[in-house]
Amino acid sequence: MQNCVTIKNLHKTYVTEVGNKVKALSDINLQIAQGKFVTLLGPTGCGKSTILNTIAGLIKQDKGQIQLDNNLAFGKNIASVFQHYTLLPWRNVIKNVTFSMQMQGIKRNLRNQQAAQLLNEVGLDGFEYSKIHELSGGMRQRAAIAQALALKPELLLMDEPFGALDEITRSDLQQMLIKLWQLHNMTTIFVTHSIDEALILSDQIIVLSGRPGKIIKKYDITLPRPRNKLSKEFTDLFIDVRKTLSQN
Amino acid sequence: MQKTKNDILLKLAGYILTPAILLLIWQLTASIYNKPYMYPTFTAVLKQLTNPCQDHYTLGSLMSNTAISLLRVATGFIIAAIVGISVGLALGTSKILCRLFEPVIEIIRPLCPIAWMPFAIAIFKLKTIPNMIGMGYTNTVFDQVQLSMIFILFMGGFFPIMTNTLDGVIGVRKNYLILAQALGANRRQQFFHVYLPAAMPMILTGLRQGLGLCWFVIIAAEMTIGADSGIGYMLIYAADLSDMDIVVAAMMIIGTIGATLNFAMRSAMQTFVSWHGKEV
């Protein structure tokens, strides 16, 4: 299978305001196959977000290479959903979803039509003209996903998008995300520190160690979807991943 | 339920009862004091306010002079708003311009706009807008809009508008710019669809402060050299003649207009940037 993203010997060190050097990533090598759902799992501060931001081109690496599949470009067909600041608060829901289409110069009728379809897919029918501050956290992330999908992305980058949500909402959104991922057939790189979330969603889990981030293990998850959190295979995997994480 | 009902009653009292009591005290004390050339009664002032079109000292009426002051403020404020917002946006989005001009601006800014008056008169003499565009004397209210007045109004309005716009642009969260970039916005689109709307609450705050200051400045300017019309001029003219009923009537007009302008700007803010200050 063709690789969508190839990362070779990636290194990144941050310099703090007082001049201390913090090594965030050390020698990351990674190949992400097209169409896969890949999760970067690790403790807070292990540099998983840095990997994502380097792929997006928002952060420059110190050393190493990132090769993107030809024609992949941030702001074009790479979409992203973060935990915060996912929507523009001065625009209502539909104007947020249609933002990228407006930037491309697509006519209002057409973009509203497409947005209605996307809002239906994320379960936000009837909230087209709601203001962002009127939405709950879960609804905001639904809108943010619709906004990202409006780019018709081939690669979707998600940085703890459900991190601020309660358990029940989180579970609903995970199920929705899997359906959308299957429907839109896009490679997805997902960052989380929840083992549960990683196991529910992913084809592949990349486990990273604490600072400096290093890849300690890769899991290929072949359990059929939708996954049952209470099944023996699932819980066995959970324990295995947990052990891997705690050994480092 | 009971609490909100009490609240409504309290509000009503604040709008009606408190002013009524103060007016009553005023009326009683002024009647007893009985020196109308120093302390006019409320009824004497009210008589002036209810005859706003009556001419005084062949200077025009309270109404016509108020109109002159408002027209001056409108002209000066609009120019200050256009220039102030443009400069604020330019400095906010260009670090080079900001570095080059901020020190100079910070030195000129604290200067009281009225202090510019002698300078403005020396430069602009008593030229008016119609003079400037070569129309001479037009026999309209525009003949009362002197360039020197516009200049100091500009000085009054420009700085709060510019600095608030600048702060608004500088304060735009980088996250929103990254989000817009991620959604394919180019630099021009980022300016119009992120910087401008994100800075809008601060721009409106600047406009509100600027308009309030312009209204302060024009009254003060009309009371100093070079003025021969406007509600501020009428106030000082009547004061020289000890017509305190006209003085206080003018004061009440000035205060009411100031409050109305402020209220209008605040409503505009609540309408146009209702998203502002809400948790997202």
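Scope of the values below: all heavy atoms of this structure, side chains included, with no hydrogens, waters or symmetry mates. Lettering follows sequence order; numbering is per chain, from 1.
Around the CD1 atom of Ile133(B), the shell of radius 6.0 Å holds more than 12 heavy atoms that belong to other residues, nucleotides or ligands. Around the CG atom of Leu183(A), the shell of radius 6.0 Å holds more than 12 heavy atoms that belong to other residues, nucleotides or ligands. For Phe191(B), the CZ atom counts as densely surrounded, since its 6.0 Å shell holds more than 12 non-hydrogen atoms of other residues, nucleotides or ligands. The environment of CG in Asn109(A) is sparse: at most 12 heavy-atom neighbours from other residues, nucleotides or ligands sit within 6.0 Å.
Trp90(A) places none of its side-chain heavy atoms less than 4.5 Å from the side chain of Phe272(B). Taking the side chain as every heavy atom from C-beta outward, Trp275(B) and Ile132(A) never approach each other to under 4.5 Å. Side-chain contact between Gln189(B) and Gln102(A) is absent, with no heavy-atom pair separated by less than 4.5 Å.
Contact of Val273(B) with chain A is not made at all, since no heavy-atom distance falls under 4.5 Å. Leu58(A) touches chain B through its side chain: at least one heavy atom from C-beta onward sits under 4.5 Å away, while N, CA, C and O do not. If you measure heavy-atom distances from Gln147(A) to chain B, the contacts under 4.5 Å come from both the backbone and the side chain. Residue Leu157(A): no heavy atom, backbone or side chain, is found under 4.5 Å from chain B.
A distance of 8.5 Å separates CG of Asn96(A) from CG of Leu183(B), quoted to the nearest 0.5 Å. In this structure, the separation between CZ on Phe82(A) and CD1 on Ile178(B) is 7.0 Å, given to the nearest 0.5 Å. Between the NE2 atom of His193(B) and the NZ atom of Lys95(A) there is a distance of 9.5 Å, given to the nearest 0.5 Å.
Between Ala185(B) and Phe99(A), the closest heavy-atom pair is CB-CE2, 4.1 Å. Between Lys131(A) and Ser274(B), the shortest heavy-atom distance links the atoms NZ-OG, 3.4 Å. The two atoms that bring Phe74(A) and Ala182(B) nearest to each other are CZ-CB, 3.3 Å, heavy atoms only. Leu87(A) and Tyr176(B) get closest at one heavy-atom pair: O-CE2, 3.5 Å. Scanning both residues, Tyr85(A) and Leu179(B), for their nearest heavy atoms gives O-CD2, 3.7 Å.
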